[in-house]
A.B. asks: 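Can you read through this structure? Questions will come right after.
As a basis for the values below, the full set of heavy atoms in this structure was taken, side chains included, without hydrogen atoms, waters or symmetry mates. Along the sequence shown, residues carry numbers from 1.
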Amino acid sequence: MKQRLSLKSAIRHITLLSLRRGVGGEAFTLAIPSIISNITVPLLGLVDMAIVGHIGDARYIAAIAVGSMFFNVIYWIFGFLRMGTGGMTSQAYGRKDFAETLLVLFRTLAIGTGMGLLFIILQQLLIALGFASMAPATNIRSLASIYCHIVIWGAPAVLGLNGLTGWYVGMQNTKVPMIVSILQNIINIIASLSLVFACHLDIAGVAWGTVIAQWSGFLLSLLILKRYYRQLGRYLRQSTETSLLHKIFEASAMKQFFVVNRDIFVRTLFLVAVMLFFTSAGSRQGAMILAVNTLLMEFFTIFSYFSDGFAYAAEALGGKYYGARNRTMFQELLRALFKIGFLLAVLFTLLYIGGGRWLLRLLTDDKGVLTAVGPYFWWSTLIPVTSIAGFLLDGIFVGITNTKGMLASSVSAAMVFFLVYFVSFPFLANHGLWLAFILYLITRGAVEAILLHRRDMIHHVPSNQRDA
């Protein structure tokens, strides 16, 4: 009873704190739809995991883990399509340069869908390289191969939707991504359950359900764009007399797009290396440990997408205040976000301690897996408090397109991860892997905080005499 009251009190305190000041209320207004839509993203993975977890074979859980990590690697690498687009759009929005906001969108859609089509063409090579790096067992590899060769057909939709999501966030509209994400996940649940249990397609049914949902979300997002943002076209027509294609693919603009996103791209490679190695290290310990680590990483996934809601708010508002040259509101934004972030970390730690084992039983009824999880469960309860700073500061750095700090923090954190793992694994085995991951999360946030303080990045925000 005491724990329940404390959780209710924490939720109420978060709400009151967010609405007390103007910028806090604005951040909360932007964050709530993002949180709702982000929560549905791990729900997609949770549904897939729950479906295969009840088929009755740990190999299916391991195969989903390998296949999901393969696509996470691809989509994380191209995360700049969302983050870079959001930062550049929010700054253009703050300057009231609406023609540029539309050009940024067209560029990211062209690059995203084009790369997605290239992935389909090169799928045999990409999947082979992915399996070579993760080295799954032969029986797991065959199942994961079925999953990957189907889900790859959703790549253009996923990468295109990433750019659209970043654009909507930059336009201070997080409700559209929420609506799209909710519909996408409803479709995924219905399609996957139908194909697996009614059509008996097993892992192929899960894969086709994912593809159907991905394309549905992308097309819906385009329809909303056409219906509610078509008036932006007049700003674009007024801004230039050259053709639209020339303006979109203008050499200087495309160069700037990739320069801004270069650090994000390299930074993402380091994040991917850590997550890929984490899965690979679990795989080398056998299917059971891989299944255990996969289930426990769902705690990280849930919290990451939840806290990313506030990172999106930091990105949208930070970029807007930066573009509008409003240093005062930028400083106020930082204070409000970190007060909320601290309370979120405490709240999720309590939730994981109190309800984490129930969640694991919901994901699988395999008694062997549930028993094997026991010794490693407490590592997952450390995730919220060790990761919150990194998530929020990523949003700030993206919003003002100062991505060198993100790159520095990711490189430092990856170095810590691999050093701790190789030193501790011979003595601690899988505990050493989790120790390395927790220290990686701490380092990522700590380095960004140090850079924020030492370089006095707050005062690098351009100043203007008037408020935006």
A.B. asks: Under the ring pair (Phe, Tyr, Trp, His ring centres under 6.0 Å) rule, collect the residues that match up with Phe270, sequence neighbours excluded.
C.D. replies: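 Partners of Phe270 under the ring pair (Phe, Tyr, Trp, His ring centres under 6.0 Å) test: none.
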A.B. asks: Please enumerate all residues that pass salt bridge (charged side-chain N to carboxylate O under 4.0 Å, His left out) together with Asp97, with sequence neighbours excluded.
C.D. replies: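 Checked Asp97 against salt bridge (charged side-chain N to carboxylate O under 4.0 Å, His left out); zero matches.
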A.B. asks: Determine whether a donor-acceptor pair (N or O, by modelled atom type, separation under 3.5 Å) exists between the side chain of Thr381 and the backbone of Phe377.
C.D. replies: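 No; judged by distance alone, with no hydrogens or angles, the pair does not exist.
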A.B. asks: Okay, side chain of Ser181, backbone of Met178: is any donor-acceptor separation there less than 3.5 Å?
C.D. replies: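 A pair under 3.5 Å: no.
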A.B. asks: Under the criterion side chain to side chain donor-acceptor pair (under 3.5 Å), which of Thr108, Asn162, Thr165 is the partner of Thr85?
C.D. replies: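 Going through the options one by one, the only one that passes is Thr108.
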A.B. asks: Between Phe277 and Tyr421, does the ring centroid distance fall short of 6.0 Å?
C.D. replies: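 Yes, the ring centres sit under 6.0 Å apart.
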A.B. asks: Strictly distance-based, threshold 3.5 Å: is any side-chain N or O of Ser68 a donor or acceptor partner for the main-chain N or O of Ile64?
C.D. replies: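 Looks like yes, one N/O pair under 3.5 Å.
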A.B. asks: So, Glu315 and Lys320, do they make that salt bridge, N to O below 4.0 Å?
C.D. replies: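 Lys320 and Glu315: not salt-bridged.
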A.B. asks: Show me the pairs that pass side-chain hydrogen bond (donor to acceptor under 3.5 Å, both in side chains) and involve residues 386-398, at least two apart or across chains.
C.D. replies: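 Every side-chain hydrogen bond (donor to acceptor under 3.5 Å, both in side chains) pair that includes a residue of residues 386-398, provided the two are not neighbours, is Arg267-Asp394, Asp394-Arg444.
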A.B. asks: Could you walk me through whether Ile264 and Leu407 pass the side-chain contact (heavy atoms from CB on, under 4.5 Å) check?
C.D. replies: CA-CA 7 Å; Ile264 299 178; Leu407 175 59; over 6 Å; no
A.B. asks: Please report the interatomic distance OH(Tyr75) to CG(Leu81), rounded to the nearest 0.5 Å.
C.D. replies: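 Taking OH in Tyr75 and CG in Leu81, the distance rounds to 11.5 Å.
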A.B. asks: Inspect the surroundings of CZ in Phe338 and state if more than 12 heavy atoms from other residues, nucleotides or ligands are less than 6.0 Å away.
C.D. replies: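 Yes.
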A.B. asks: Measure across Val292 and Ala372 and return the closest heavy-atom pair with its distance rounded to 0.1 Å.
C.D. replies: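 It is CG2-CB, 3.6 Å.
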A.B. asks: So which heavy atom on Thr101 is nearest to which on Thr89, and how close?
C.D. replies: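 In this case the closest contact between Thr101 and Thr89 is CG2-O, 3.9 Å.
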A.B. asks: Roughly how far, to the nearest 0.5 Å, is CG of Leu161 from CG of Leu219?
C.D. replies: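 Leu219 atom CG to Leu161 atom CG measures 10.0 Å (nearest 0.5 Å).
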A.B. asks: Determine yes or no for a side-chain-to-main-chain donor-acceptor pair under 3.5 angstrom, with Ser412 supplying the side chain and Ser409 the backbone.
C.D. replies: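 Not at all, since once roles are kept as given, no pair shorter than 3.5 Å links the two residues.
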A.B. asks: Between Tyr352 and Ser380, what is the shortest heavy-atom contact and its length?
C.D. replies: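 Scanning both residues, the minimum pair turns out to be CD1-O, 3.7 Å.
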A.B. asks: Hey, would you say the Phe119 and Phe78 ring centroids sit under 6.0 Å apart?
C.D. replies: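 Yes: the rings meet the under 6.0 Å criterion.
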A.B. asks: Might you point out which heavy atoms bring Leu392 and Ser307 nearest each other, and give the distance in Å?
C.D. replies: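 Nearest heavy atoms, Leu392 then Ser307: CD2-O, 4.3 Å.
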A.B. asks: Under a 3.5 Å cutoff, is there a donor and acceptor pairing between the side chains of Asn173 and Tyr229?
C.D. replies: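 Yes, because at least one side-chain N or O of Asn173 sits under 3.5 Å from a partner of the opposite role on Tyr229.
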A.B. asks: Could you check whether any side-chain N or O of Gln184 sits under 3.5 Å from a backbone N or O of Ser216, counting only pairs where one atom can act as donor and the other as acceptor?
C.D. replies: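 Here the side-chain-to-backbone pair does not exist.
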A.B. asks: Between NE2 of His431 and CH2 of Trp379, what distance do you get to the nearest 0.5 Å?
C.D. replies: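 So the NE2 of His431 and the CH2 of Trp379 are separated by 8.0 Å.
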A.B. asks: How long is the span from the CG atom in Leu441 to the CG atom in Leu382, to the nearest 0.5 Å?
C.D. replies: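 With rounding to 0.5 Å, CG (Leu441) is 10.0 Å from CG (Leu382).
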A.B. asks: Are there more than 12 heavy atoms of other residues, nucleotides or ligands under 6.0 Å from atom CZ of Phe422?
C.D. replies: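 Result for CZ/Phe422: enclosed.
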A.B. asks: Is it true that a side-chain atom of Thr174 and a backbone atom of Leu30 form a donor plus acceptor pair closer than 3.5 Å?
C.D. replies: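 Yes, Thr174 side chain to Leu30 backbone: donor-acceptor pair under 3.5 Å.
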A.B. asks: Should the pair Tyr93 and Phe98 be assigned to parallel (<30°), tilted (30 to 60°) or perpendicular (>60°) ring geometry?
C.D. replies: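 The arrangement is perpendicular - the two ring planes meet at more than 60°.
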A.B. asks: Are the side chain of Ser90 and the backbone N or O of Gly87 linked by a donor-acceptor pair below 3.5 Å?
C.D. replies: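 Judged by distance alone, yes, a pair lies under 3.5 Å.
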A.B. asks: If every non-hydrogen atom of Leu109 is compared with every non-hydrogen atom of Gly160, which pair is closest and at what distance?
C.D. replies: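 What the structure gives for the nearest pair is CD2-O, 3.6 Å.
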A.B. asks: Determine the minimum heavy-atom distance between Thr349 and Pro384, stating which atoms define it.
C.D. replies: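 Here Thr349 and Pro384 meet closest at OG1-CB, 3.7 Å.
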A.B. asks: Taking the six-membered ring for Trp and the single ring otherwise, decide whether the centroids of Phe278 and Trp434 are under 6.0 Å apart.
C.D. replies: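 Here the rings of Trp434 and Phe278 have centres that are less than 6.0 Å from each other.
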A.B. asks: Are Phe437 and Tyr440, when compared by the centres of their aromatic rings, separated by less than 6.0 Å?
C.D. replies: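 When the ring centroids of Phe437 and Tyr440 are compared, they turn out to be within the sub-6.0 Å range.
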